[in-house]
Amino acid sequence: MNLPTGFITELESVLGKTDTQKYLSLFDDQPYRGISINRLKTMPEKLLPLLSFKTEKSLFYSDGYYITSEADGIGNSVLHHAGAYYVQEPSAGSAAALLEIEKGDHVLDLCAAPGGKSSQIASLLGNTGLLWSNEVVRNRANILLSNFERMGISRGVVSCCRPEILCDRLSGYFDKVLVDAPCSGEGMFRKDHQAVSEWSREHVIACANRQLSILMSAAKCVREGGILVYSTCTFSPEENEETAGKFLEACPEFEALAITDNFGRKTKYENSVRITPLEKGEGHFAARFRKRGNSERSGNKTVSRQKFNKDTEKIITEFLDDVFIKKPELVLYVSGNKLYLLPEELPPTEGLGVIRAGVLAGEILKKRIEPAHALFGAFNKESFRRSLDLGINDTRVNEFLHGMEINCEGDNGYTAVAVEGIPLGFGKCSGGRLKNKYPKGLRIP
Ligand code: SAM
């Protein structure tokens, strides 16, 4: 593979000549692959023995694992469909870990699609607080939403909004903010040789300018005392430590926070870390800042409850009683003919390009509610009145993912379908058969 000489010169400036040669000698080796486990759905000790591939613990994230054997078709595996894990290059797991998420935090993932880091954040929040995930490119925001639903994130928002508008309106609202910025992607080069052809000095500089501007927008929505993590998947100093340095100059209300974690290689600033294949990751950079002072986050209002007319109230109550053993502790919200379950702490969302807040529960028809697929992924199996829990080797799992009708022991009605206790979707059970409601777009062809 011929790499641009400008890229090699740049690499020498950060790694030195010897390590650059080592990097080049590793260029055609197998890239690192990994997964991060989603604790909203399962636990490592339960999931790992069920996987069809071998794993080793990641150096960068406590719930991250290297894939160390063949894992073809991993995206079509049932545990992936069920959101038990997210396929994530191991070093990419480092940035979310640096946010030091605490239960109850309000977290913004500003450049979030396709959603690997959002998935980690949601797993760390564990159905507390709020995760707002934003993506400025609309079709990527849709992919983000579909991953949100797969991972079962209920206390979240997905939006498609320009960072300057979003962060201005949500000023001081977040305890933790992640800017995983668009970059020249040098850390992708071993995996994606095509990306190499897009490299140029001009692109690196353009990325650096854009990154600084995104960071400066992000600064506004961090509360005093809150943490901002900046990350990229590139090696370039302009896009990384120099952008971080310029940010600190432009925003003196932030201070650098040391990174003491034992991974990667140090940069010339103690608040940042670089990971290359020499440190057993494809390539990542992360820097960490804290907004000086200490204040409560702003806008801590709870969402106002709607008043429904008698008919709507009755339909909703019957629906929730039918589907759930215990009603979810989320706020009911009707928009058009859709029923949503919202996190209580939701800030005003108007004009912020929100494409989903909370969980889509179902569609209100004349006399009943047709449940949405997302509802069954967002709660544990024990929440549902009826569930069909299949073992991983049960042939019905595969049939269900293919959209087929399957045998169903149990009462008639809407039934959660789970694999090894992890809800995957739902169907309607009638006379021992389950009519498949797994969405057509998600089925295995
Ligand atoms: N955090 C994501 C994850 O873990 O899956 C990866 C994010 S990717 C590195 C950067 C994202 O920033 C892309 O989805 C890209 O579309 C988005 N982006 C592009 N231009 C942007 C801009 N001007 N402001 C904010 N985000 C932008």
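Atom set for the values below is all heavy atoms of this structure, side chains included, hydrogens, waters and symmetry mates excluded. Keep in mind it's a predicted model, so treat the numbers as computed, not measured. Counting convention: from 1, in listed order, for ligands and their atoms alike.
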Is the distance from the ring center of F289 to that of Y230 below 6.0 Å? no
Less than 4.0 Å between a side-chain N and a carboxylate O, is that true for K291 and E224? no
Within the 6.0 Å centroid threshold, strictly below: F384 and F426: no
Can E149 and R356 be counted as an ion pair, charged N to O under 4.0 angstrom? yes
Once you measure the plane-to-plane angle for F247 and F254, does it fall in the parallel (<30°), tilted (30-60°) or perpendicular (>60°) bin? tilted
Check: H193 main-chain N/O paired with R190 side-chain donor or acceptor under 3.5 Å: no
Run through all N or O atoms in ligand 1 and write down each protein N or O closer than 3.5 Å, as a pair with its distance.
from     : atom 1 : to   : atom 2 : distance (Å)
ligand 1 : 1 (N)  : C111 : O      : 3.0
ligand 1 : 1 (N)  : D180 : OD2    : 2.7
ligand 1 : 4 (O)  : K117 : N      : 3.1
ligand 1 : 5 (O)  : P114 : N      : 3.4
ligand 1 : 5 (O)  : G115 : N      : 3.0
ligand 1 : 5 (O)  : G116 : N      : 2.9
ligand 1 : 14 (O) : A113 : O      : 3.3
ligand 1 : 14 (O) : E135 : OE1    : 2.6
ligand 1 : 14 (O) : E135 : OE2    : 3.3
ligand 1 : 14 (O) : R140 : NE     : 2.7
ligand 1 : 14 (O) : R140 : NH2    : 2.9
ligand 1 : 16 (O) : E135 : OE2    : 2.7
ligand 1 : 16 (O) : R140 : NE     : 3.3

